[in-house]
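Data first, discussion second: the structure below is written as structure tokens.
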Amino acid sequence: FQAMEHRLGVAYSLYNLTETLRWAGRFQEARELLRAAEAGLEQVDAPQLRPHLLLSEAELLLAVSDGRGAASRAAEAR
């Protein structure tokens, strides 16, 4: 998707990779890709992806025992 400059495809692919890395317990790498997906979201019109990114971040925060941060992100996703 990057080679084709398909920014929406890149944002969704990064989100999917974020989730996969989180499930694999690779939290730091997941967080880095999440930031890249968030940056990519600023370049496309895809408001439906934002809640998914916020919930993904909430899940990452829960995984590292930051319940308060997770609750805050989950509330933003509503």
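Sequence positions, counted from 1, serve as the residue numbers for this chain.
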Does one hydrophobic cluster hold both [X] and [Y], with members joined at side-chain heavy-atom distances below 4.5 Å?
X   : Y   : answer
L53 : V44 : yes
L34 : L17 : no
L49 : L14 : no
V10 : L33 : yes

Worked check of side-chain contact (heavy atoms from CB on, under 4.5 Å) between R31 and L61: CA-CA 9 Å; R31 179 166 277 159; L61 290 167; 3.2 Å; yes
Pairing residues for A30 by the side chain to side chain contact (heavy atoms under 4.5 Å, CB included) criterion, not counting sequence neighbours: T18, L21, R22, L60
Residues which pass side chain to side chain contact (heavy atoms under 4.5 Å, CB included) with E76, listed by chain and number, not counting sequence neighbours: R50, L54, S72, R73
Check [X] against [Y] and note the closest heavy-atom contact, atom names and distance.
X   : Y   : answer
A70 : L62 : CB-CG, 3.5 Å
A58 : A74 : CB-N, 4.0 Å
A11 : A37 : O-CB, 3.9 Å

Residues in ring pair (Phe, Tyr, Trp, His ring centres under 6.0 Å) contact with Y12, at least two apart in sequence or another chain: none
Charged N-O contact under 4.0 Å between E32 and R26: no
Of all pairs that satisfy ring-ring contact (aromatic ring centres under 6.0 Å, His included), the ones with a partner from residues 52-78, not counting sequence neighbours: Y15-H52
Pairing residues for E42 by the side chain to side chain donor-acceptor pair (under 3.5 Å) criterion, not counting sequence neighbours: none
Partners passing side chain to side chain donor-acceptor pair (under 3.5 Å) against S56 (at least two apart in sequence or in another chain): E19
